[in-house]
S.K.: 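Below is the structure I would like to discuss, written out as structure tokens.
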There are 2 protein chains.
Amino acid sequence: MQLSATSQYAIRILVYMAGEKDSQSINAAELAETLLIPYKFLAKIMTSLVKVGLVESTRGKEGGYKLKKKASDIMVGDILDAFHESIKDEQCILGIGFCNGLCKCALHDQWMEPKFLLQKMFRESSLEDIAGRGCKR
Amino acid sequence: MQLSATSQYAIRILVYMAGEKDSQSINAAELAETLLIPYKFLAKIMTSLVKVGLVESTRGKEGGYKLKKKASDIMVGDILDAFHESIKDEQCILGIGFCNGLCKCALHDQWMEPKFLLQKMFRESSLEDIAGRGCKR
DNA sequence: TGCAATTACTACTTCAAGGTAGAATTTAAA
DNA sequence: TTTAAATTCTACCTTGAAGTAGTAATTGCA
């Protein structure tokens, strides 16, 4: 019951970028070193974030990455979406395909409330909201 | 953000067993067929459940499995514990080792409430509570 | 006793996630 | 124009979860 390493890394990366001075780009090597994420793996994640439109990149000397939107406009849920890991309404906690009001799994009712709060957390937490908290990791 | 297939199967198996007539043992082949779980994989899971003391087995002809405790005394959390997948208080949603009150991750505060509800759901749902709901899957 | 039915054990295969390596491409600046 | 610094692409390796196969051990019953 946890997020994939990829999603965890992606969130930490974007939170860190949101905490930096605006419109200043940062490169993969620096991110990897600061956040203690394997460089090559981070580079792969960054490419995904660029493709999905959360980050923009410039190649070559003096290149790097920048957020493509305001930190207040990027939600944690958007990041999870990029890796198909956000929680859908129809997600069944016991992995049953056809778990809905009609034919539901044994934990269906109990799962409703925690699921709703998880969705709410992901949907309503923007990078701006959460950057600057904690220890910049 | 979901339970492992192993845990999902284990919960469904025990819920089904709790819904059957008491003190009547059921065998692996029947469970696998009813619950649409690969037989050999189910057998492996059953062995784990026996080892951890949630189920008792008898081998040989007329053998099979029975719950080792009353359905009201087996919590979903106990099952997750068996596969080291229950949610610990110190579990950080961003996977940071040292995420606590002193040095916390960006989502630490937002994660508290959904985490608490998940723990509560697992801790307080007994097999008796949830068996008989839904469609016996 | 012998047989059939059952769980338990050991070892293997498959698949996806996590992670690595190296070369190609792009760009700014000397 | 050359070079160095950066991203991007392709391909691979590693690890753990999911799933399979075969055999050994156990047990009730004819």
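Every chain is numbered from 1, with letters handed out A, B, ... down the list of sequences. No experiment lies behind these values; they were computed from the predicted model shown.
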S.K.: Provide, to the nearest angstrom, the distance between the NZ atom belonging to Lys51(A) and the P atom belonging to dT8(D).
M.R.: 9 Å

S.K.: For the pair made of CG in Asn27(B) and C1' in dG28(D), what is the distance, rounded to whole Å?
M.R.: 14 Å

S.K.: Nearest heavy-atom pair of Ala106(A) and Leu94(A): which atoms, and what distance?
M.R.: N-CD1, 4.3 Å

S.K.: Got a second to check how far Ser48(A)'s OG is from Ile79(A)'s CD1, nearest 0.5 Å?
M.R.: 12.5 Å

S.K.: Report the distance from atom CD of Gln8(B) to atom CG of Leu80(B), rounding to the nearest 0.5 Å.
M.R.: 10.0 Å

S.K.: Extract from the structure each pairing of a protein N or O with an N or O of nucleotides 20-22 of chain C at less than 3.5 Å, listing the distance.
M.R.:
residue : atom : partner  : partner atom : Å
dG22(C) : N7   : Lys40(A) : NZ           : 3.0
dG22(C) : O6   : Lys40(A) : NZ           : 2.6

S.K.: Can you identify which nucleotide, out of dT7(D), dA18(D), dA8(C), has its nearest atom closest to the Thr6(B) side chain?
M.R.: dA18(D)

S.K.: Provide the closest heavy-atom pair for Lys88(B) versus Lys115(B) in the form atom of the first, atom of the second, distance.
M.R.: O-CD, 4.0 Å

S.K.: Looking at Tyr9(B), I'd like to know whether one of its side-chain N or O atoms comes within less than 4.0 Å of OP1 or OP2 on dA17(D).
M.R.: no

S.K.: Expressed in angstrom and rounded to an integer, what is the separation of Gln8(A) atom CD from dA17(C) atom C1'?
M.R.: 13 Å

S.K.: With respect to the phosphate group of dA8(C), does any side-chain polar atom (N or O) of Thr47(B) fall under 4.0 Å of OP1 or OP2?
M.R.: yes

S.K.: When the distance from CG of Leu49(A) to C1' of dT7(D) is rounded to whole Å, what number comes out?
M.R.: 14 Å

S.K.: Indicate, with a heavy-atom threshold strictly under 4.0 Å, whether Ala43(B) touches base, sugar-phosphate, or nothing.
M.R.: nothing

S.K.: If the cut-off is 4.0 Å, is Thr58(A) near the phosphate of dT27(C), judged by side-chain N/O to OP1 or OP2?
M.R.: no

S.K.: Side-chain N or O of Ser57(B) less than 4.0 angstrom from OP1 or OP2 on dT6(C)?
M.R.: no

S.K.: Is the shortest side-chain N to carboxylate O distance from Glu56(A) to Lys68(A) below 4.0 Å?
M.R.: no

S.K.: Restricting to non-hydrogen atoms, name the atom on Met17(A) and the atom on Ile26(A) that form the minimum distance, rounded to 0.1 Å.
M.R.: CG-CG2, 4.1 Å

S.K.: Between dA17(D) atom P and His84(B) atom NE2, what is the distance in whole Å?
M.R.: 11 Å

S.K.: Mind checking whether Leu42(A) and Ile13(A) have side chains closer than 4.5 Å, heavy atoms only?
M.R.: yes

S.K.: Figure out the CD/C1' separation between Glu56(A) and dT26(C), and round it to whole Å.
M.R.: 16 Å

S.K.: Looking for any heavy atom pair under 4.0 Å, which part of the strands does Ala29(A) touch: base, sugar-phosphate only, or nothing?
M.R.: nothing

S.K.: Figure out the CD/C1' separation between Glu62(B) and dA4(C), and round it to whole Å.
M.R.: 11 Å

S.K.: Counting only side-chain heavy atoms from C-beta out, which of dA28(C), dT8(D), dC29(D) sits nearest to Lys61(A)?
M.R.: dA28(C)

S.K.: Within this structure, what is the CD1-to-P distance between Ile45(A) and dT8(D), rounded to whole angstrom?
M.R.: 13 Å

